[in-house]
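Worksheet: one structure, shown below.
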Amino acid sequence: MNMTSQDYYLQGNVHRKNGDFALAMNAYMEAIRLDKDSPAVEALKMLEHIMNFYHKDLYNP
């Protein structure tokens, strides 16, 4: 089964809610690759802000 941009976006949301930010970011980036207008664009920005604030040592954009 081929996953759609929406599928990856929703998968990213699940990973984010579970605290697995790396998998969430990967899912959001895949959603954006498939659809540049995906809501994952905003979700990824939000997650990047969270990572920059809480995990400065783990994430360096």
Side-chain angles (χ1 to χ4, degrees):
M1 177 176 129
N2 291 334
M3 290 180 60
T4 66
S5 175
Q6 181 70 10
D7 294 333
Y8 281 110
Y9 168 68
L10 295 174
Q11 183 183 66
N13 288 344
V14 170
H15 290 309
R16 180 181 46 80
K17 289 176 185 174
N18 289 332
D20 195 336
F21 295 152
L23 286 178
M25 290 180 86
N26 288 338
Y28 291 150
M29 287 189 288
E30 187 62 20
I32 294 165
R33 185 185 72 77
L34 294 173
D35 176 11
K36 66 180 176 72
D37 297 320
S38 168
V41 172
E42 289 303 314
L44 182 60
K45 286 180 188 177
M46 177 191 69
L47 192 54
E48 287 173 341
H49 288 294
I50 291 169
M51 293 295 288
N52 281 328
F53 184 79
Y54 289 109
H55 303 288
K56 292 178 184 175
D57 295 335
L58 297 176
Y59 178 70
N60 187 7

Pairwise distance [atom1]([X]) to [atom2]([Y]) - rounded to 0.5 angstrom:
| X | Y | atom1 | atom2 | result |
| --- | --- | --- | --- | --- |
| Leu34 | Gln6 | CG | CD | 11.5 Å |
| Glu42 | Met46 | CD | CE | 9.5 Å |
| Gln11 | Asn26 | CD | CG | 9.5 Å |
| Tyr9 | Thr4 | OH | OG1 | 12.5 Å |

Glu48 bridged to Lys45 by N-O distance under 4.0 Å: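 Result for this pair is no, no salt bridge flagged.
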Restricting to pairs with a member in [range], which pass salt bridge (Lys or Arg N to Asp or Glu O under 4.0 Å), not counting sequence neighbours?
| range | result |
| --- | --- |
| residues 6-15 | none |
| residues 17-27 | none |
| residues 21-41 | Glu30-Arg33 |

Which pair of non-hydrogen atoms, one from [X] and one from [Y], has the smallest distance, and what is that distance?
| X | Y | value |
| --- | --- | --- |
| Ala24 | Gly12 | CB-O, 3.4 Å |
| Ser5 | Ala31 | OG-O, 2.9 Å |
| Met3 | Tyr8 | CB-CE1, 3.5 Å |

Side chain to side chain contact (heavy atoms under 4.5 Å, CB included) assessment of Tyr28 paired with Asn13: CA-CA 8 Å; Tyr28 291 150; Asn13 288 344; 2.6 Å; yes
Linked, directly or transitively: Ile50 and Val14 (ILVMFWY side chains, under 4.5 Å):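 No; tracing contacts between hydrophobic side chains, which count when under 4.5 Å, never links both residues.
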Same apolar cluster: Leu44 and Leu23, side chain cutoff 4.5 Å: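 No; tracing contacts between hydrophobic side chains, which count when under 4.5 Å, never links both residues.
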Evaluation steps, side chain to side chain contact (heavy atoms under 4.5 Å, CB included), between His15 and Phe21: CA-CA 7 Å; His15 290 309; Phe21 295 152; over 6 Å; no
